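Heads up: the structure comes next, in structure tokens.
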Amino acid sequence: MTIRTRFAPSPTGNVHIGNIRAAIYNWLFSRHAGGEFLLRIEDTDLERSTPAAVQTVLDSLAWLGLTYDGAPLYQSTQRARHLEVAEMLLTKGAAYKSDKGGTGKGEAIVFKMPGTDISFRDLVKGEITKKAEDLKDFVIVRSDGSPVFHLGNVVDDITMGITHVIRGDDHVENTFKHVAMYAAIGAPMPQFAHLPMIVNAQGKPYSKRDGAAYVGEFQDKGFLPEALFNSLALLGWSPGDDREVLTRDEMIAAFTLDRVRQAPSQLDMTKLLWMNGQHLKRRGVEDLVAGCRAAMQRQGLWREDIDPAYFQAVIMCMGERIRLYSDLGEQAAFFFTEEYPYDEKSVRKRLLKEGALAILREELEVLVALPEPFTAEATDAALHSLAEQTGRQMGDLVHPVRVAVSGTGVGPGLFEMLAVLGKSRVVARIRRTLALYGG
RNA sequence: GACCCCAUCGUCUAGAGGUCUAGGACACCAGGUUUUCAUCCUGGUAACACGGGUUCGAUUCCCGUUGGGGUCGCCA
């Protein structure tokens, strides 16, 4: 029989990382088994389920490369089938009508629990049992005639031929109900697997306040989809060896549900950032260029007159300092504007230090005298010989220039940076800095 | 509160009775490289929640305690 899993989000406008992690596990599981991964949109809450909200789900899946088989099934189209099954349950005596606790506008259909203990074998949690007295009957069709989640969920899973239901831990209590429904309907029971929740440092459900909780937020921050995918996959699952940075194919090959942990875990933003850097390295320079440009456009820092060759040179120069596309705009804006800010601390420490401006003036003279091309080797040699002549440490020469041309004390190697900026910019910036600080 | 589930370094995890003086990764600290930061290299700090069993032997099995999570809707 074909292994068939599904992702069944209700479109609310956001896709939570815990939810998308469930989608990732469903996807990995079915791909590993050579089966199918289906999508069902649980859009019965018409108020929240707007086309835009549905599109958000589709976008998140597409961004992460979670391809699904066939067309999505919209739950709202299945209403007749749901009610048909409810009627069948009614005639079978597995359900009854009741007006208790209702709206007074009619009778609801209530599913009758079998009165026996119910247990099932969870693929990650093992055997779970619930005693009969802890199981209560529940409504499957409201008194207004609309199907409730439990009915739609189970009926649709049957309709879609789902063989493995892989979902969040918050569904284990529902599963006892669902197991009873499968039995009553007489449909083959799927296997169940419940995944631990993703929590914050306080052990509470991960929310937007903890940094970012929705797929779109990570996308906006400039994370790579494969980095988020990789990190999320590793939250609660591991391949069994020491590998951490994995490709999709490697994860597909290694994925099994018995390697999923049962304890909730926290998402570590710092490690995600590291992971992003790892995946960034695996992409080529061209990708980095395109990604950084797009990020700068979003940040409002991009200008059409930025020379492509210059832009690429800046990126090469920044090297592995870029861990997120947005880092370029945040850490290297001075490459693209003369209005870069001066970091107060660096100015105090490197420029206003005793004799620093005098040194900077000497350096300016040396640099001005250099012929083109203004290479890293040339400026390096020039400043080293100046250091020798004056008996100074290289650090005393390097720092003032760095702060003068970039406004900050940290950044790429100075000589590479000077070469990229070019002689005229460098000279102009040093002059302006000298004038600004009374040199 | 009731019911279900969980518990290894700060975090993510490996570990399926002896191989554990508990391994890896991120973070952190120290040293090296370097003009700074980052990278890179080397080293280091750091964990089996607690108490009982079972066993010749428990991180691994059982029970309890503590702590944490989930669920108790005519929401999904």
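Nothing here was measured: the structure is a model prediction, and the numbers come from that model. Each chain gets a letter, A, B and so on, in the order the sequences are listed, and its residues count up from 1.
- For residues 319-331 of chain A, the salt bridge (charged side-chain N to carboxylate O under 4.0 Å, His left out) pairs, not counting sequence neighbours, are A:Lys281-A:Glu320.
- The P atoms of B:G1 and B:A58 are separated by 35 Å, rounded to the nearest whole Å.
- In the set B:C6, B:G70, B:A76, the nucleotide with an atom closest to the side chain of A:Pro264 is B:C6.
- The side chain of A:Glu173 approaches B:C3 more closely than any other nucleotide in the set B:C3, B:A14, B:A7.
- Distance from the side chain of A:Asp170 is smallest to B:G70 among B:A76, B:C37, B:G70.
- If you take CD of A:Gln331 and P of B:U39, they are 12 Å apart, rounded to a whole angstrom.
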For this session: Classify every nucleotide of nucleotides 24-32 of chain B by which part a protein heavy atom approaches to under 4.0 Å, writing B for the base, S for the sugar-phosphate alone and - for neither, in 5'-to-3' order.
Result: BBSS-----

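- Taking 4.5 Å as the limit, some side-chain heavy atom of A:Asp157 sits within range of a side-chain heavy atom of A:Arg40.
- Note that A:Arg425 lies in the cation-pi zone of A:Tyr310, set by a 6.0 Å cut-off to the ring centre and a 45° limit from the axis.
- In terms of the ring pair (Phe, Tyr, Trp, His ring centres under 6.0 Å) criterion, residue partners of A:Phe218 (sequence neighbours excluded) are, by chain and number, A:Phe223.
- The same atom, C1', is picked in B:C9 and in B:A14; the two are 13 Å apart, to the nearest Å.
- For A:Met113 and B:C3, the CE to P distance is 17 Å, given to the nearest whole Å.
- Residue A:Arg261 has its side chain nearest to B:A7 when only B:U36, B:A7, B:C74 are considered.
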Exercise. Can you check ring pair (Phe, Tyr, Trp, His ring centres under 6.0 Å) on A:Phe311 and A:Phe335, steps first, answer last?
Worked result: CA-CA 9 Å; A:Phe311 191 63; A:Phe335 276 110; over 10 Å; no

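- Candidate nucleotides B:C5, B:C3, B:U36 were compared by shortest atom distance to the side chain of A:Lys125, and B:C5 ranks first.
- Residues from residues 376-394 of chain A lying near RNA chain B, meaning a heavy-atom separation below 4.0 Å, are absent.
- When distances run from any side-chain atom of A:Gln266 to the nucleotides B:U11, B:U35, B:A38, the shortest one goes to B:U11.
- Every residue meeting the ring pair (Phe, Tyr, Trp, His ring centres under 6.0 Å) condition with A:Phe229, not counting sequence neighbours, appears here in chain and number order: A:Trp27.
- B:C3 atom P lies 13 Å from atom CZ of A:Phe176, rounded to whole Å.
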Please tabulate, for the side chains in residues 381-388 of chain A, all donor-acceptor contacts under 3.5 angstrom to protein atoms that are two or more places apart in sequence or on a different chain.
from: A:His384; atom 1: ND1; to: A:Asp380; atom 2: O; distance (Å): 3.1
from: A:His384; atom 1: ND1; to: A:Asp380; atom 2: OD1; distance (Å): 2.6
from: A:Ser385; atom 1: OG; to: A:Ala382; atom 2: O; distance (Å): 3.1

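- At whole-Å resolution of the value, CG in A:Leu273 and P in B:U39 are 11 Å apart.
- Phosphate contact (OP1/OP2 of B:U13, side-chain N/O of A:Ser265, threshold under 4.0 Å): present.
- When distances run from any side-chain atom of A:Ser10 to the nucleotides B:U71, B:U39, B:A76, the shortest one goes to B:A76.
- Using P as the reference atom, B:G68 and B:U36 are 47 Å apart when rounded to the nearest Å.
- If you take atom C1' in B:C6 and the same atom in B:A49, they sit 13 Å apart, rounded to whole Å.
- Scanning for ring pair (Phe, Tyr, Trp, His ring centres under 6.0 Å) contacts around A:Tyr340 gives A:Tyr342, with sequence neighbours left out.
- Across the protein-nucleic acid pair, A:Glu127 atom CD and B:C6 atom P stand 12 Å apart, rounded to whole Å.
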Would you be so kind as to tabulate the donor-acceptor pairs closer than 3.5 Å made by side chains of residues 106-121 of chain A, with sequence neighbours excluded?
from: A:Lys112; atom 1: NZ; to: A:Gly93; atom 2: O; distance (Å): 3.4
from: A:Asp117; atom 1: OD1; to: A:Ala132; atom 2: N; distance (Å): 2.8
from: A:Ser119; atom 1: OG; to: A:Glu127; atom 2: OE2; distance (Å): 3.4

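- Spacing between B:U21 and B:C62 at atom P, rounded to whole Å, works out to 23 Å.
- When the C1' atom of B:U13 is taken as reference, atom CZ of A:Arg259 falls 10 Å away, rounded to whole Å.
- Within the 4.5 Å cutoff, side-chain heavy atoms of A:Pro196 are placed close to those of A:Arg21.
- Rounded to whole Å, the C1' atom of B:U65 lies 33 Å from the corresponding atom of B:A27.
- As rounded to whole Å, 10 Å separates atom C1' of B:A2 from atom NZ of A:Lys136.
- Listed candidates were B:A14, B:C5, B:G70. Nearest to the side chain of A:Ile128 is B:C5.
- When distances are taken from the side chain of A:Lys131 to each of B:C12, B:C4, B:U35, the shortest belongs to B:C4.
- Of the candidates B:U35, B:C4, B:A76, the closest approach to any side-chain atom of A:Val398 belongs to B:U35.
- Annotation: side chain to side chain donor-acceptor pair (under 3.5 Å) contacts of A:Ser238 (sequence neighbours excluded): A:Arg259.
- Within the structure, side-chain hydrogen bond (donor to acceptor under 3.5 Å, both in side chains) pairs that include any residue of residues 189-198 of chain A comprise A:Asp122-A:His194, A:Thr175-A:His194 (at least two apart or interchain).
- Straight-line distance between the C1' atoms of B:G18 and B:U60: roughly 11 Å, to the nearest whole Å.
- Among residues two or more places apart in sequence or in another chain, the side chain to side chain donor-acceptor pair (under 3.5 Å) test is passed with A:Asn276 by none.
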For this session: Indicate for each nucleotide in nucleotides 43-50 of chain B, in 5' to 3' sequence, whether protein heavy atoms under 4.0 Å reach the base (B), only the sugar-phosphate (S), or nothing (-).
Result: --------

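- Atom CG in A:Leu246 sits about 18 Å away from atom P in B:C12, given to the nearest Å.
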